[in-house]
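Position 1 is the first residue of the sequence; numbering continues from there.
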Amino acid sequence: MKGPLRLVFMGTPEFSVPSLESLLEDSRYQVVCVYSQPPRPAGRGYHQTPSPVHQCAERYGLEVRTPLTLRVAEEQEKFHNLRADIVVVVAYGLILPSPILESPILGCVNVHASLLPRWRGAAPLQRAIEAGDSETGITLMRMEQGLDTGPMIAKASMPLLPETTISTLQRTLSILGAT
């Protein structure tokens with residue numbers, strides 16, 4: 001392929017922002033669209049507030065899409081029309097159906113906040129701390145149908161110390177995942 005790869009980014013919480021910013025700084029990629037969860041009520045007035053990824057994408061002038069589901073044909077067609085070469089998913093919050101997984105030429109890659117296969121699914125960091133694991137980390141994996149399934153591409157680990165908190169762990173792993 002010539003030129004930068006056409007990339008779609010899918011993420012929602014603050015944990016995902018360093019990965020999006022890292023991809024935006026990399027000339028090998030052209031982020032053509034960002035998907036995030038829809039705005040949710042927050043703050044004193046319960047105002048509709050875009051997710052941290054949504055806010056970051058808007059700062060960079062990127063198109064942001066916030067569908068409630070990707071299981072309808074109309075959303076799948078809109079996604080396919082982006083002609084993505086690759087999709088990067090970091091804590092997006094929706095399971096991707098087959099038509100989405102099969103759309104990008106190079107597939108979909110997930111930056112998962114645990115050392116798979118130990119903690120699949122929601123809250124892997126909390127589960128690792130609760131279980132007293134001695135280490136945790138990031139797993140980069142090619143996505144397949146199912147929750148956190150697919151071949152692993154790379155892993156990076158770090159020790160879990162007694163003083164480790166969820167907030168410090170999230171910050172550290174979000175940077176590790178971005179690299």
Side-chain angles (χ1 to χ4, degrees), residues 1 3-37 51-54 56-57 60 62 65 70 79 82-129 131 133-161 164 166-179:
M1 293 184 188
L5 292 176
R6 294 178 58 82
L7 184 141
V8 171
F9 185 86
M10 304 175 105
T12 300
E14 187 64 39
F15 181 87
S16 309
V17 171
S19 290
L20 174 57
E21 290 178 330
S22 178
L23 291 164
L24 288 167
E25 294 169 4
D26 192 325
S27 63
R28 295 174 295 176
Y29 306 106
Q30 175 192 4
V31 179
V32 295
C33 190
V34 172
Y35 278 73
S36 192
Q37 289 288 308
S51 75
V53 165
H54 188 148
C56 176
Y60 284 91
L62 298 169
R65 295 182 182 176
L70 294 169
F79 184 89
L82 291 168
R83 299 179 345 270
D85 295 313
I86 191 165
V87 172
V88 175
V89 180
V90 185
Y92 175 44
L94 289 180
I95 294 176
L96 306 185
S98 292
I100 300 294
L101 290 171
E102 296 165 2
S103 181
I105 296 165
L106 299 174
C108 300
V109 175
N110 182 21
V111 178
H112 184 74
S114 82
L115 296 175
L116 291 173
R118 176 114 167 101
W119 299 113
R120 297 185 191 282
L125 302 180
Q126 291 85 341
R127 299 301 157 269
I129 289 174
D133 290 357
S134 61
E135 69 174 359
T136 191
I138 293 288
T139 302
L140 184 64
M141 58 179 288
R142 188 172 176 86
M143 296 176 72
E144 292 179 347
Q145 199 63 44
L147 187 60
D148 300 329
T149 60
M152 293 178 230
I153 299 167
K155 288 184 181 186
S157 63
M158 60 170 282
L160 266 178
L161 305 172
T164 301
I166 289 296
S167 62
T168 59
L169 186 56
Q170 285 177 328
R171 266 193 309 278
T172 303
L173 289 179
S174 71
I175 301 302
L176 188 59
T179 60

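- For the pair T139 (side chain) and H112 (backbone), a donor-acceptor distance under 3.5 Å is absent.
- Rounding to the nearest 0.5 Å gives a distance of 4.5 Å between OH of Y60 and CD of E21.
- With R118 contributing its side chain and P124 its backbone, the two residues share no donor-acceptor pair below 3.5 Å.
- The side-chain heavy atoms of L70 and M10, taken from C-beta on, include a pair separated by under 4.5 Å.
- When the shell of 6.0 Å around CZ of R127 is examined, it contains more than 12 heavy atoms from other residues, nucleotides or ligands.
- Nearest heavy-atom pair, V8 versus L82, reported as atom, atom and distance to 0.1 Å: CG2-CD1, 3.8 Å.
- Between S174 and F15, the shortest heavy-atom distance links the atoms CB-O, 3.2 Å.
- For the pair L116 and W119, the tightest heavy-atom approach, listed with the atom from each and the gap, is CD2-O, 3.7 Å.
- Taking the side chain as every heavy atom from C-beta outward, I100 and V87 never approach each other to under 4.5 Å.
- At a threshold of 4.5 Å between non-hydrogen side-chain atoms, the residues I153 and R142 count as touching.
- Using a distance-only test at 3.5 Å, with no hydrogens or angles considered, a donor-acceptor pair links the side chain of S36 to the main chain of G11.
- With sequence neighbours left out, I166 forms a side chain to side chain contact (heavy atoms under 4.5 Å, CB included) with L125, Q126, I129, Q170.
- Distance alone, capped at 3.5 Å, places no donor-acceptor pair between the T172 side chain and the L169 backbone.
- The closest side-chain heavy-atom distance from P13 to Q37 is not below 4.5 Å.
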